[in-house]
Amino acid sequence: MKKITTLLFVLAATFTFAQGGPVGHLTIFSEDGDKFYLILNGEQQNDIPQTNIRIEDLNQPYYNARIQFEDKTLMDITTNNMMIADVDGIMSDVTYKIKRDKNKKGKMKMNYFSAIPVRPDFVPPSNVYVVHYGQPRPAPTQTVVVQQPAPVRGGTVTQTTTTTTTMGGDTVNANVNIGGINMGISINDNMGVGSVSQTTTTTSSSTHVSHSGHHDEDFPNPRPVQATPVGCPSRSCMRPADFNAALSTLRNQAFEDSRMKTAKQIIAANCLNVDQVMQIANLFSFDDNKLEFAKFAYDYCIEPRNYFKLNGIFSFSSNADELSDYVQSRQ
């Protein structure tokens with residue numbers, strides 16, 4: 001118990017120290033869906049290859065980075081002095097994009113994509129793998145969902161089993177169940193040989209429908225509704241006055257590159273509806289820029305199911321098809 005108390009004190013002290021100075025955040029995503037490992041200053045950040053990874057709490061303005069792809073036919077990307085701070089040395093929330101070089105088979109490129117001020121209340125989209133720099137990576141988990149007939153007609157039993165393997169020794173677990181919701185807290189002492197924990201949660205639901213001349217079995221159970229995997233499912237879009245001011249700012253940009261950077265900064269801090277996304281996209285002259293913006297804006301749209309409306313903004317059907325494929329891959 002004394003060892004655990006000491007460990008908690010060290011963790012609290014480390015957290016307090018880490019919060020003392022300014023930090024930046026880094027997001028890297030693969031435009032073509034190629035999974036990769038990220039290595040910063042010689043330290044691998046993810047054990048499982050990802051297509052979209054975010055490293056938070058970086059305390060240095062520059063890092064050396066290497067991208068290793070799961071597909072061994074793709075060439076690694078190495079870059080020195082990857083920028084986390086702006087030209088004034090202010091730590092930022094930066095994003096880089098990986099894409100394939102269409103002119104050279106197997107060659108990959110990583111380009112600067114966007115930067116916004118660090119926001120303490122920023123919530124990454126659910127499809128992003130998040131790592132807190134310098135802290136242990138989360139242990140891999142496996143979740144299996146099994147639906148079985150319930151003992152009551154029209155009902156189901158859902159059993160969820162989560163298995164977590166932890167490389168370490170002494171493990172202290174605290175589990176609380178409130179109203180059918182399980183919460184767990186684990187503290188690991190890495191001096192040991194490891195531990196495996198398994199949690200099984202079983203829930204049941206029943207549906208009783210009574211109609212004259214019909215049995216309950218005649219009415220199948222409704223299918224579960226899937227959660228929307230985007231960043232703004234429950235927030236409201238920009239107010240008309242704020243949005244009109246944003247449009248005016250974008251129209252005053254003389255170059256498309258500047259307009260793109262400004263547009264991404266605006267929507268990264270706000271949520272939009274489909275019509276607002278369409279109005280901004282139509283400010284770009286070239287189809288490629290419209291497509292790039294439409295893909296970026298998907299995570300900030302409050303009505304992703306209506307995203308098909310954007311297919312009409314393109315001059316070439318191939319770009320509309322590419323956006324449709326992108327939206328389907330995100331659902």
Side-chain angles (χ1 to χ4, degrees), residues 25-36 50-54 67 77 79 82-83 92-104 107-116 124-125 127-128 229-232 237-238 243 246-247 249-304 306-331:
H25 309 308
L26 167 67
T27 298
I28 301 177
F29 71 94
S30 171
E31 183 179 66
D32 301 305
D34 296 299
K35 294 184 176 181
F36 60 90
Q50 304 291 332
T51 60
N52 198 332
I53 185 170
R54 176 179 174 86
I67 303 293
I77 300 176
T79 180
M82 174 179 279
M83 181 187 67
S92 304
D93 192 335
V94 298
T95 300
Y96 287 81
K97 176 177 66 175
I98 297 173
K99 63 184 302 182
R100 298 193 177 205
D101 190 335
K102 297 180 180 179
N103 298 321
K104 297 182 180 180
K107 184 175 176 58
M108 309 295 290
K109 300 186 296 184
M110 181 168 63
N111 298 323
Y112 172 84
F113 190 65
S114 67
I116 61 175
N127 65 310
V128 179
V230 294
C232 293
C237 61
M238 290 182 70
F243 181 71
L247 282 181
T249 299
L250 293 173
R251 292 191 182 101
N252 290 333
Q253 301 297 317
F255 302 100
E256 293 243 319
D257 288 346
S258 300
R259 183 175 293 121
M260 179 69 72
K261 291 180 180 179
T262 304
K264 289 177 179 178
Q265 289 177 349
I266 290 173
I267 67 170
N270 299 278
C271 291
L272 307 177
N273 59 34
V274 167
D275 291 336
Q276 290 173 333
V277 173
M278 188 182 304
Q279 289 183 61
I280 295 179
N282 281 326
L283 295 178
F284 297 101
S285 302
F286 303 104
D287 258 23
D288 288 347
N289 289 334
K290 292 181 180 180
L291 178 61
E292 179 182 345
F293 174 78
K295 287 182 177 180
F296 182 86
Y298 181 75
D299 282 337
Y300 303 94
C301 181
I302 65 172
E303 43 180 353
N306 292 330
Y307 224 68
F308 66 89
K309 294 181 179 180
L310 292 175
N311 291 346
I313 68 176
F314 300 108
S315 302
F316 301 99
S317 60
S318 59
N319 289 316
D321 293 339
E322 184 173 344
L323 180 61
S324 296
D325 292 342
Y326 175 80
V327 171
Q328 290 179 4
S329 70
R330 299 293 306 281
Q331 294 178 346

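The model shown is predicted, which means the values in this text are computed figures rather than measured ones.
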> Judged by atom type as modelled, is there a donor-acceptor pair below 3.5 Å linking the side chain of E303 to the main-chain atoms of V274?
Replying inline: yes

> Heavy atoms, side chains only, cut-off 4.5 Å: are N319 and D288 in contact?
Replying inline: yes

> Counting only heavy atoms not in K97, do more than 12 fall under 6.0 Å of its NZ?
Replying inline: yes

>> Is there a side-chain contact between Y307 and V277 in this structure, where contact means two heavy atoms from C-beta onward sitting under 4.5 Å apart?
In response: yes

> Atom NE2 in H25, atom CD1 in I116: separation rounded to 0.5 Å?
Replying inline: 9.0 Å

> F113 and ring-ring contact (aromatic ring centres under 6.0 Å, His included): which partner among F296, F293, Y96?
Replying inline: F296

> Does the pair F314 and D287 meet the rule for a side-chain contact (heavy atoms from CB on, under 4.5 Å), with working shown?
Replying inline: CA-CA 6 Å; F314 300 108; D287 258 23; 3.6 Å; yes

> With a 4.5 Å heavy-atom cut-off, do L247 and L283 have their side chains touching?
Replying inline: yes

> Is a side-chain donor or acceptor of N273 paired with a backbone partner of C237 at a separation under 3.5 angstrom?
Replying inline: no

> Rounded to the nearest 0.5 Å, how far does CG of D93 lie from OG of S114?
Replying inline: 8.0 Å

>> F36 and side-chain contact (heavy atoms from CB on, under 4.5 Å): which single residue from I77, N52, I67 fits?
In response: I67

> What heavy-atom pair brings M238 and A246 nearest, and what distance separates the two atoms?
Replying inline: CE-CB, 4.3 Å

>> Is any side-chain heavy atom of N270 closer than 4.5 Å to one of Q276?
In response: no

>> Using every non-hydrogen atom in the two residues, find where S258 and Q253 come nearest and quote the distance to one decimal.
In response: CB-OE1, 3.5 Å

> From K99 NZ over to N111 CG, what is the distance, rounded to the nearest 0.5 angstrom?
Replying inline: 7.5 Å

>> So, taking the atom named CG in N311 and the one named CD in E322, what distance separates them when rounded to the nearest 0.5 Å?
In response: 11.5 Å

> Between G33 and T51, which heavy-atom pair has the shortest distance, and what is it?
Replying inline: O-CG2, 3.4 Å

> Are M82 and I28 close enough, and set up right, to give a side-chain contact (heavy atoms from CB on, under 4.5 Å), and what steps lead you there?
Replying inline: CA-CA 11 Å; M82 174 179 279; I28 301 177; 4.2 Å; yes

> Do L310 and V327 have side-chain heavy atoms sitting under 4.5 Å apart?
Replying inline: no

> Do side-chain atoms of T262 reach the backbone of R259 as a donor and acceptor pair under 3.5 angstrom?
Replying inline: no

>> Tell me whether F316 at atom CZ has more than 12 heavy atoms from other residues, nucleotides or ligands lying less than 6.0 Å away.
In response: no

>> Please determine whether salt bridge (charged side-chain N to carboxylate O under 4.0 Å, His left out) holds for the pair K264 and E292, giving the CA-CA distance in whole Å, both sets of side-chain angles, and the decisive distance to 0.1 Å.
In response: CA-CA 10 Å; K264 289 177 179 178; E292 179 182 345; 2.7 Å; yes

>> With a 4.5 Å cut-off on side-chain heavy atoms, are F308 and S324 touching?
In response: no

>> Quick check on K295: does its NZ atom have over 12 non-hydrogen neighbours (other residues, nucleotides or ligands) under 6.0 Å away?
In response: yes

> How many angstroms lie between atom CG of D299 and atom SG of C271, to the nearest 0.5 angstrom?
Replying inline: 10.0 Å

>> When you measure from the side chain of D32 to the backbone of D34, do you find a donor-acceptor pair of N or O atoms at a distance under 3.5 Å?
In response: no

> Given the rule in the side-chain contact (heavy atoms from CB on, under 4.5 Å) test, do Y326 and L291 qualify, once you have shown the distances and angles that lead to the verdict?
Replying inline: CA-CA 10 Å; Y326 175 80; L291 178 61; over 6 Å; no

>> Does any part of the side chain of L250, heavy atoms only, come nearer than 4.5 Å to the side chain of I266, both counted from C-beta?
In response: yes

>> Ignoring hydrogens, what is the shortest heavy-atom contact between Q265 and A115? Give both atom names and the distance.
In response: NE2-O, 3.4 Å

> Looking at side-chain heavy atoms only, is the closest gap between M108 and R100 below 4.5 Å?
Replying inline: yes

> How long is the gap from NZ on K290 to OG on S285, to the nearest 0.5 Å?
Replying inline: 8.0 Å

